[in-house]
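Beneath this line is the structure, given in structure tokens, with notes to follow.
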Amino acid sequence: AVRFPAAACGALLHGFAGYFRAWLFGAVTISIHPADPSPGMFSWFPCLFPLRSPVTVSEGDEVEVHFWRRVGPTSVWYEWALTSPVATSIHNPNGRSCTIGL
């Protein structure tokens, strides 16, 4: 699970952005994070994990979201669900809306 406090002013939460950063050895890294992208990382891309319906998040709320990486015979996909400040259903069950071919 990923947990973090809501912004001081609250917000309308539409989803989550996913980026990739890895420390390979010592100071050697690869990244698609906007703050420190590696040159030539054109085959890796950010991912949007949208919520089916936006959620109002108030100041002081804790946001908690769970992510699962699933795999089938020919594809891989992610599933996710918000559990705080409200619980949502699992998004993209069984790769219903989006999969990545193997």
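Note that the numbering runs from 1 along the sequence shown for the chain.
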Applying salt bridge (Lys or Arg N to Asp or Glu O under 4.0 Å), name anything that partners [X], two or more places apart in sequence or on another chain.
| X | answer |
| --- | --- |
| E64 | R3 |
| R69 | none |
| R21 | D36 |

Worksheet item: With sequence neighbours left out, which residue pairs that include part of residues 93-102 fulfil the side-chain hydrogen bond (donor to acceptor under 3.5 Å, both in side chains) condition?
Response: none
Discussion item. According to ring-ring contact (aromatic ring centres under 6.0 Å, His included), who are the partners of H33, at least two apart in sequence or on a separate chain?
Written reply: Y19
Worksheet entry | Residues in ring-ring contact (aromatic ring centres under 6.0 Å, His included) contact with F16, at least two apart in sequence or another chain | none
Discussion item. Please check: side-chain N/O of N92 versus main-chain N/O of C98, any donor-acceptor pairing under 3.5 Å?
Written reply: yes
Discussion item. Check whether S38 reaches the backbone of S31 with its side chain - one donor and one acceptor, N or O, closer than 3.5 Å.
Written reply: yes
Discussion item. Holding to side-chain contact (heavy atoms from CB on, under 4.5 Å), I want the full list of residues that pass it with A22, two or more places apart in sequence or in another chain.
Written reply: F20, L24, I30
Worksheet entry | Counterpart residues, side-chain contact (heavy atoms from CB on, under 4.5 Å), relative to T88 (two or more places apart) | A81, L82, H91
Response to the item:
Taken in chain and number order and not counting sequence neighbours, the residues that satisfy side-chain hydrogen bond (donor to acceptor under 3.5 Å, both in side chains) with R52 are S89
Response to the item:
Hits for side-chain hydrogen bond (donor to acceptor under 3.5 Å, both in side chains) against W80, two or more places apart or cross-chain, chain-then-number order -> none
Look at the side-chain heavy atoms of Ile, Leu, Val, Met, Phe, Trp and Tyr, link any pair under 4.5 Å apart, and say whether [X] and [Y] land in one connected group.
| X | Y | answer |
| --- | --- | --- |
| L13 | F67 | yes |
| L12 | V57 | no |
| V2 | L51 | yes |
| V28 | W44 | yes |
| V55 | L48 | no |

Worksheet item: Which pair of non-hydrogen atoms, one from S58 and one from A6, has the smallest distance, and what is that distance?
Response: O-CB, 3.4 Å
Practice prompt. Specify the closest pair of heavy atoms between P85 and T56, including all atoms of both residues, with the distance to one decimal.
Written response: CG-O, 4.2 Å
Discussion item. With a 4.5 Å cut-off on side-chain heavy atoms, are S84 and D61 touching?
Written reply: no
Item to complete: Using the salt bridge (charged side-chain N to carboxylate O under 4.0 Å, His left out) rule, collect all pairs that involve residues 76-91, keeping only residues at least two apart or in two chains.
Response: R70-E79
Fill in: Nonpolar side-chain network containing W68, other nodes, edges under 4.5 Å
I90
Worksheet item: Heavy-atom count around F45 CZ within 6.0 Å, excluding the residue itself: above 12?
Response: no
